[in-house]
2 protein chains.
Amino acid sequence: MESGSPRQSTKALLGLRDLVLSGEVEPGERLSEVVLATRLDVSRTPLRAALQRLEQEGLIEAIPSGGFAVRRFSRADVIDSIELRGVLEGTAARLAAERGVSAPRLKAMAAIVGKLDAILGGGPQALDFERYEEVNAEFHNLLAELSGSDVIRREIGRVTSLPFASPSAFINQQVDIPAFRQSLVVGQAQHKAILSAIEQREGARAEALAREHARLARQNLDFVLEEKPDLRGQVPALALLAI
Amino acid sequence: MESGSPRQSTKALLGLRDLVLSGEVEPGERLSEVVLATRLDVSRTPLRAALQRLEQEGLIEAIPSGGFAVRRFSRADVIDSIELRGVLEGTAARLAAERGVSAPRLKAMAAIVGKLDAILGGGPQALDFERYEEVNAEFHNLLAELSGSDVIRREIGRVTSLPFASPSAFINQQVDIPAFRQSLVVGQAQHKAILSAIEQREGARAEALAREHARLARQNLDFVLEEKPDLRGQVPALALLAI
DNA sequence: TTGCACTTCAATGTATACACACTCGGCAAC
DNA sequence: GTTGCCGAGTGTGTATACATTGAAGTGCAA
């Protein structure tokens with residue numbers, strides 16, 4: 001069987017995930033298999049596979065009496081998920097520093113940092129958020145790889161599958177506020193420092209920096225929730241949040 | 001639907017997990033749905049649910065062309081899984097210290113430590129491994145809870161579902177060797193220190209201690225693999241290992 | 001003898017029918 | 001009026017038939 005595109009289970013998984021993330025089905029709402037199967041135009045079998053998978057991803061949760069419901073995330077969940085990402089990326093950075101990284105891969109990381117510099121250096125209004133988000137994701141993906149550990153890489157992948165735990169959770173055009181733009185500058189400084197620490201085999205520094213880097217997301221979260229609560233609907237990462 | 005015991009999917013999950021963990025199906029071996037369904041006396045539907053779940057647990061992996069195979073773990077995987085557990089339990093301990101733990105829960109933790117003392121204090125030959133393993137698991141479960149974070153608790157639960165990443169991975173009668181008994185004493189000292197650090201709100205100390213505590217498992221792993229390689233078959237946690 | 005293509009087969013992916021448990025409404029008894 | 005029981009209905013859990021694809025083996029041709 002081809003594991004590529006034209007599978008119903010893939011269609012069901014992507015469709016269902018999108019339905020949940022976009023907020024079309026509300027947190028706490030029970031997910032009816034027949035309704036969803038009809039809506040996504042798949043049979044119940046691949047749909048159930050998608051439900052099980054999303055349960056493991058943490059987006060939905062099993063109901064004791066059977067079936068699933070959209071999970072309702074608290075602010076604490078979001079904060080702790082960000083903290084967890086920081087801890088895991090910190091570990092990746094520390095392991096990279098301790099175990100060493102080959103010159104070519106360090107060069108690749110430096111190239112990514114250079115690209116981020118170029119994106120940020122283009123002047124305030126020329127800033128391409130989408131492009132920054134893309135390259136930022138590259139940085140974080142490569143960081144996970146530099147750890148040299150498949151176990152760590154897998155784990156980071158799992159945790160960051162939750163939208164609000166993603167490294168790019170609060171990078172988007174919608175929330176174009178000076179405070180956010182500044183946070184990108186700070187974040188880029190941290191990127192450089194993390195790379196430097198890895199190059200110089202400073203494990204503890206690399207770990208601390210990566211943790212602090214993740215906290216940037218928490219700062220932005222706090223800012224949105226407290227200063228600009230009206231922006232909540234604009235940030236996709238917060239669609240599942242029930243404060 | 002009752003989510004309790006008499007469900008075919010439960011039967012399939014437990015049966016399949018046991019089949020993999022016991023080594024009855026060898027690492028790398030392809031898992032045939034029809035064969036397994038017959039063997040476990042369930043239909044393919046609940047079996048497929050179990051397969052999907054075990055894939056998420058990390059015990060088996062999907063084959064590109066379809067189906068699943070028993071995952072083959074390298075020594076690096078085991079080492080990194082232990083490291084990961086240390087990092088996560090370290091985070092749980094740090095959060096417990098930083099955020100504070102209620103007096104009753106601290107008391108409960110102290111009670112567990114007391115039970116471990118009693119088990120270890122009974123003299124060398126009276127040592128009840130099974131009981132120690134049980135109470136040790138209690139300690140680690142409560143530690144995860146003391147973090148006050150469902151996110152962290154879930155994550156620790158996931159990681160420690162792999163047999164060699166479990167806190168009790170190398171505690172068993174089979175490997176009754178002086179070095180192992182000594183490691184229990186050291187481990188218990190670390191238990192006390194972790195509790196003390198949490199009580200005194202010393203986050204960094206609590207984290208460092210919990211990390212080091214996990215490394216005890218790595219020491220025991222190294223000992224088995226290098227000093228007593230003939231014991232490999234005796235330790236259930238190593239059944240999946242392909243050095 | 002070797003390589004390619006076709007055929008066949010086996011195993012997974014999908015759809016759907018059936019069985020049973022949980023829920024919710026109504027009715028009766030207290 | 002409230003509480004408890006009962007029955008219908010909805011929906012998930014399970015089984016199985018069918019579709020589809022990947023792989024292997026065989027035969028023919030170069």
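Under the 4.5 Å side-chain criterion, counting only non-hydrogen atoms from C-beta, B:Val151 is not in contact with A:Val78.
Defined by atom type and a distance below 3.5 Å, a donor-acceptor pair is missing between the side-chain atoms of A:His213 and A:Glu89.
A donor-acceptor pair under 3.5 Å links the side-chain atoms of B:Glu29 to the main chain of B:Glu26, judged by distance alone. Remark: the backbone N or O of B:Gly58 is paired with a side-chain donor or acceptor of B:Arg71 at under 3.5 angstrom.
Rounded to whole Å, the distance from CG on B:Leu13 to P on D:dG13 is 14 Å. Rounded to whole angstrom, the span from the CD1 atom of B:Ile63 across to the P atom of D:dT21 amounts to 19 Å. The nearest whole Å value for the distance from the CD atom in A:Gln8 to the P atom in C:dT16 is 11 Å. In this structure, the CD atom of B:Glu33 is 12 Å from the C1' atom of C:dA10, given to the nearest Å.
Listed by chain and residue number, nothing satisfies the side chain to side chain donor-acceptor pair (under 3.5 Å) test with A:Glu133 (two or more places apart in sequence, or in another chain).
Between D:dA23 and B:Ser65, a contact under 4.0 Å exists linking OP1 or OP2 to a side-chain N or O.
For the pair A:Leu47 and A:Leu16, the tightest heavy-atom approach, listed with the atom from each and the gap, is CD1-CD2, 4.4 Å.
Among the protein residues, B:Leu31 comes within range of the sugar-phosphate backbone only, with heavy atoms under 4.0 Å from sugar or phosphate atoms but none that close to a base.
For DNA chain D, the residues of residues 40-59 of chain A within the heavy-atom distance limit of 4.0 Å (strictly under) are A:Arg44, A:Arg48, sorted by number.
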